[in-house]
Enquirer: 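This is the structure I have questions about; it appears just below.
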Amino acid sequence: MKEYLYTAFKNAEKIIPELAEISISFDVPKILEHGDLSSNAAMLLSKKLKKNPRVIAQEIIDALSLDSAVIQKTEIAGPGFINFFFTPRATAEILKDIFKQVDNFGRSTKYSGKKANIEFVSANPTGPLTVGHGRNAIIGDTIANLLEAIGYRVDREYYFNNAGRQMRVLGDSVRLRYLELLGNKNDFPADYYQGEYIKDIAKSLFNEFGDKLKDEDAEGLFKEVAEREIFKDIKKTLDNLGVHHNIFFNENSLYEEGKIAALLESFKEKNLSYEKDGAVWLKLSELGQEEDKVIVKNTGEPTYRLPDIAYHIEKIKRGYDLLIDLFGSDHNATYPDVMAGIRALGYDSSKVKVLIHQFVTIVQGGEVVKMSTRKANFITLDELTEEVGKDVVRYFFNMRNISSHMVFDLELAKKQSDENPVFYLQYAHARISSIMREVKRESLEPSLNNLHLLTTNHEQNLLKVLHNFNEKLLYSAENFEAHLLCNYLEELAAAYHRFHRFCRILGSEKNLAEARLALAVATKIVLKNGLTILGVSAPEKM
RNA sequence: GCCCCCGUAGCUCAGUGGAUAGAGCAGAAGUUUCCUAAACUUUUGGUCGGAGGUUCGAUUCCUCUCGGGGGUACCA
């Protein structure tokens, strides 16, 4: 419908040349009485033409030469809006597109041939994923789905580190638990990993090796086994949610391939680093940042900045058109340094898009639960998924703006899961599936031959919502905002449920029944396409 | 101190500079001989944290301010 108006406005430039100077756009009015689409062009021109916007609006309408088979009427409203009302028949044309494209309806080829990479989760293998990681995992995977829907080829990447202090402590935690099993009492340090999973790993080592490991050091087998087991669990947890990375990038490989040493050398050559107090500093204050930061500690170990810069350079070299980093807000201070480092070495950081999501506040029994992997005070993502199911977890994390500090009330999620909006969407899909089973008895087929019969408010409204899918999906993907897709699908489901209540298929005259059936089937297609992008199932029965 | 995010209905949250700020839940009243009532209809509930500014028009953009969260490491 918009395309029609864009063309009409374009042609009207011959009569009102100033139309070419403003950006023409059409909004779907919030209120039904304001028509199907509205334009603010007259208001935008009012200053330029020094005329009352309502007068200009009339001149625009006169210049448009609209087809009455498409546009039923136009009106000038409020300060100078032009409202367009489409004929029911023109509105129903959308069903033809949906039936033609089916699973591909809504998908776009706008970014075909482009490659994107999204790095997300990226938790080091020190313990099970928590509910907090869940938000990152779901947002990341859904953004990847959205990008694929608009044509990108997407790599899902997981960056991790199995070296460093964190992992040493992990290995030693397992070692101490293992020694406990051999009867050696020890003071298990408070800053070690307290979780039961550490004891489980120690137990499996004890079962396999008996006391043969009592003189092993923490860095060897203990750490290796802990990492392997924990990673296995993490992948299982993600698998349960339908999240699959196709690239796992180990920070260690940057050291092994000499990338870290080379990077350090480049900074030195470019006179961007210096030594002070036994450490190597990066001159970030000369690169637009607040202050210089350490890149190699006086212990000889790099800080995270150095490998992070090296890692991003590696990704940039792979030739992506878009590189997304998805972090929790606790990392929000780290990326500007990394970007500055990349730019300083002459790499293009403009393709890197950093997305920061805010924390999930867990509330249990009316109290905020503070999460810490080390203290083993957390609710695992697995526990949550088992409690409420994959669809609820995915929908819950997708339905809110990533910048919102969301509250996750565990009791509510478990107890009142029936009231989660995801069931509202799925139920609409299941209802249509049910109708499709029923109509077979009456030998009704969806038909596009009598779409002019779809004239009631409920039918027309549903059709109009269907019209919006392409645009909403594209906008949602280009802005990395999956919650907009959720909002849209809720609107679609609501429109369908109303249609379902007031416009019966079985029992209606055949031509009308088949036109309505086409509308229902089209709705089912769009619901399913949307839910699939969210990673939520579209059940045939509930 | 400085940086990022948030503040909208009792609660959880939408809101792409536009017209009368919305949804779900919770509260009130209804709808089923009928394709699934996990639904639908009606209804109560708002100084959009506050104050300035830009604009024909601000919940939306800017400045200041108050409140909450996260950072500001030779942790990541």
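Predicted, not measured: the structure shown is a model, and the values here were computed from it. Each chain gets a letter, A, B and so on, in the order its sequence line appears, and its residues count up from 1. These values consider heavy atoms only, across backbone and side chains, with no hydrogens, waters or symmetry-generated copies.
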Enquirer: Under 3.5 Å, which N/O atoms of the protein pair with N/O atoms of nucleotides 53-59 of chain B?
Expert:
residue	atom	partner	partner atom	Å
rC56(B)	OP1	K47(A)	NZ	2.4

Enquirer: Any N or O donor-acceptor pair linking the side chain of D330(A) to the base of rG70(B) at under 3.5 Å?
Expert: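 Per atom types, no contact qualifies.
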
Enquirer: State whether R305(A) places a side-chain N or O below 4.0 Å from either non-bridging phosphate oxygen (OP1 or OP2) of rA73(B).
Expert: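 So the side chain of R305(A) is outside the cut-off, no N or O lying under 4.0 Å from OP1 or OP2 of rA73(B).
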
Enquirer: Answer with yes or no whether K472(A) presents, from its side chain, a donor or acceptor under 3.5 Å of a partner atom in the base of rU16(B).
Expert: yes

Enquirer: Using OP1 and OP2 only, check whether a side-chain N or O of Y488(A) sits under 4.0 Å from rG15(B).
Expert: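 So the side-chain polar atoms of Y488(A) never come under 4.0 Å of the phosphate oxygens OP1 or OP2 of rG15(B).
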
Enquirer: Is F359(A) stacked on the base of rG70(B), with ring centres under 5.5 Å apart and planes under 30° apart?
Expert: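 F359(A) vs rG70(B): stacking no.
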
Enquirer: Can you spot which of Y159(A), Y335(A), Y304(A) makes a ring pair (Phe, Tyr, Trp, His ring centres under 6.0 Å) with Y311(A)?
Expert: Y159(A)

Enquirer: Closest to the R400(A) side chain: rC34(B), rA19(B), rC13(B)?
Expert: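 Side chain of R400(A) sits closest to rC13(B).
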
Enquirer: Does rC35(B) have OP1 or OP2 sitting under 4.0 Å from an N or O in the side chain of K440(A)?
Expert: no

Enquirer: Classify every nucleotide of nucleotides 3-8 of chain B by which part a protein heavy atom approaches to under 4.0 Å, writing B for the base, S for the sugar-phosphate alone and - for neither, in 5'-to-3' order.
Expert: -BBS--

Enquirer: Stem finding on RNA chain B, please: runs of three or more consecutive Watson-Crick or G-U wobble pairs, both distances under 3.5 Å, sorted by first number.
Expert: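 The stems that RNA chain B takes part in, listed by first number, are B:1-7 with B:66-72, B:10-13 with B:22-25, B:27-31 with B:39-43, B:49-53 with B:61-65.
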
Enquirer: Spell out yes or no: do the side chain of N420(A) and the base of rA38(B) have one donor N/O and one acceptor N/O closer than 3.5 Å?
Expert: no

